[in-house]
Protein chains: 2
Amino acid sequence: MATATLSTKQNIRQTAEKLFRERGYAAIGMRELAKEVGIEAPSIYNHYKGKDDILREICFEIADKFFAAFEEAEKTDEKPSKKIKAVIKAHINVIAENIEASEVFFQEWMFLEEPNLSKFKKLRHEYEQLFRDVVEKGIKRGDFKKGNSKLVVFTIFSALNATYDLYKSTERLTQEEIAEEISNLLLKGLKA
Amino acid sequence: MATATLSTKQNIRQTAEKLFRERGYAAIGMRELAKEVGIEAPSIYNHYKGKDDILREICFEIADKFFAAFEEAEKTDEKPSKKIKAVIKAHINVIAENIEASEVFFQEWMFLEEPNLSKFKKLRHEYEQLFRDVVEKGIKRGDFKKGNSKLVVFTIFSALNATYDLYKSTERLTQEEIAEEISNLLLKGLKA
DNA sequence: TAAATTCGCTAACAAATGTTAGTTTATGGC
DNA sequence: GCCATAAACTAACATTTGTTAGCGAATTTA
């Protein structure tokens, strides 16, 4: 794998993702982060402006990846049920390929400081709107049941954004299995 | 309403729920909590053993409520699709009636200290198992589609446990609407 | 080789942390 | 009115927080 030799900065970043995810941004001090990396706390400042700067990098890089994946998946201009499946899978794939970071993205973003916090909220809202558009178009075309699109998108996101927990589960599920089962459940329902 | 005159302890508890939820357990100091209550930090120790004691009370009280609501809903010994709907609604109702506290329950439990942390994890697992049993029985009886029951329960929980966000949304939805729409989506799916 | 840059270090800072000690004030029962 | 209890207070504690200053060694650039 690509774990040959990480730069110190990469090391800090990766360790921060792991620790922030495991115990929360507020609970991790610079000294503990540094120790885990194998350096002293002040050395981190050679690579990042401060604690918040690390969180900022994590959150916004993942945001970029979600947007990029959505755009790519959305290109396939098919009918809504196929399209929603495609963007769901794209979303799950980003999470699967950035497990620690995406968990930080979902759980720790509120510790961003201004103006990053506002910028982040705006991005998040835009991204949700992209999903909502797909659902609403599907409802309009009659492909989807009528209903509160906000509630639907909310439910979809809730299910998707928690997929992190599945990867630490004992039961080993592949990305493909997870994406397939969840999108099927959401599209077709539990009832036989 | 019951907001006549809260005891200091109730006041601390309620304020803690609000603050822990808004900004996270680790981010709230005893001084800030006290200030919001209108007292000095050390006065809190007349009512609670410490910071962790407040979190403990919140988390375990909600846990009790989830179990009680499930038991009550499960009594109605009907077919699985009705039963799952009943326990889903019961679960959502607990959240709706304890909005702040349940969010703390879901997001901040990891800050519990031992041995409470282990006790909490065990309770949580037991509760998930109760849901899993309902789903698995439904699959066995042919009422539900075959599939990974763990994944299904996981998806259900993800959707339910995030309902908190809905109540702070601009769009005012009733408890009943939320419970109805979400359980319908999960049972019947999005597809028309 | 000289100069500049990178990146680690130690020491130290001011501020904030949870908590304890000890004291004062208010309340209710006898 | 007296006493006990509850519950607030101030002062202070040891520790931890994020961060800065400044130094030295290694590496890169010219």
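Every chain is numbered from 1 and lettered A, B, ... according to where its sequence line falls, protein lines coming before strand lines. Scope of the values below: all heavy atoms of this structure, side chains included, with no hydrogens, waters or symmetry mates.
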For atom [atom1] of [X] and atom [atom2] of [N], their distance in whole Å:
X	N	atom1	atom2	value
Asp53(B)	dT20(C)	CG	P	12 Å
Tyr45(B)	dC9(D)	OH	C1'	15 Å
Lys35(A)	dG8(C)	NZ	P	18 Å
Ile39(B)	dA26(C)	CD1	C1'	16 Å
Arg31(A)	dC13(C)	CZ	P	13 Å
Lys51(A)	dA15(C)	NZ	P	19 Å
Ile12(B)	dA8(D)	CD1	C1'	11 Å
Ile28(B)	dA16(C)	CD1	C1'	13 Å

*Output yes when Lys75(B) and Glu71(B) qualify as a salt bridge under the 4.0 Å nitrogen-oxygen rule, no when they do not.*
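No, no charged N to carboxylate O under 4.0 Å.
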
_Under 3.5 Å, is there any donor-acceptor pair linking the side chain of Asn46(B) to the base of dA6(D)?_
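By the distance-only test, no, there is no pair.
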
Tell me whether the OP1 or OP2 atom of [N] has a side-chain N or O from [X] closer than 4.0 Å.
X	N	answer
Ser43(A)	dC9(C)	yes
Thr8(B)	dA8(D)	yes
His47(B)	dA8(D)	yes

*Of all the choices, dC9(C), dT20(C), dG8(C), which nucleotide is nearest to the side chain of Glu40(A) once you look at every atom?*
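The nucleotide sitting nearest to the side chain is dC9(C).
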
*Please tell me which of the listed nucleotides, dG8(C), dG18(C), dG18(D), lies nearest to the side chain of Met30(A)?*
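Nearest to the side-chain atoms of Met30(A), counting from C-beta on, is dG18(D).
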
*Does NZ belonging to Lys137(A) count more than 12 external heavy atoms closer than 6.0 Å?*
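No - once you tally the heavy atoms of other residues, nucleotides and ligands closer than 6.0 Å, there are 12 at most.
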
*So, for Phe120(A) and His125(A), is the gap between ring centers shorter than 6.0 Å?*
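No; His125(A) has its ring centre 6.0 Å or more from that of Phe120(A).
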
*Only one of Phe106(A), Phe66(A), Phe131(A) forms a ring-ring contact (aromatic ring centres under 6.0 Å, His included) with Phe157(A), so which one is it?*
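The ring-ring contact (aromatic ring centres under 6.0 Å, His included) with Phe157(A) is passed solely by Phe131(A) among Phe106(A), Phe66(A), Phe131(A).
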
*Would you confirm whether Ser102(A), through its side chain, and Phe105(A), through its main-chain N or O, come within 3.5 Å as a donor-acceptor pair?*
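Side chain of Ser102(A) to backbone of Phe105(A), a donor-acceptor pair under 3.5 Å: no, none is there.
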
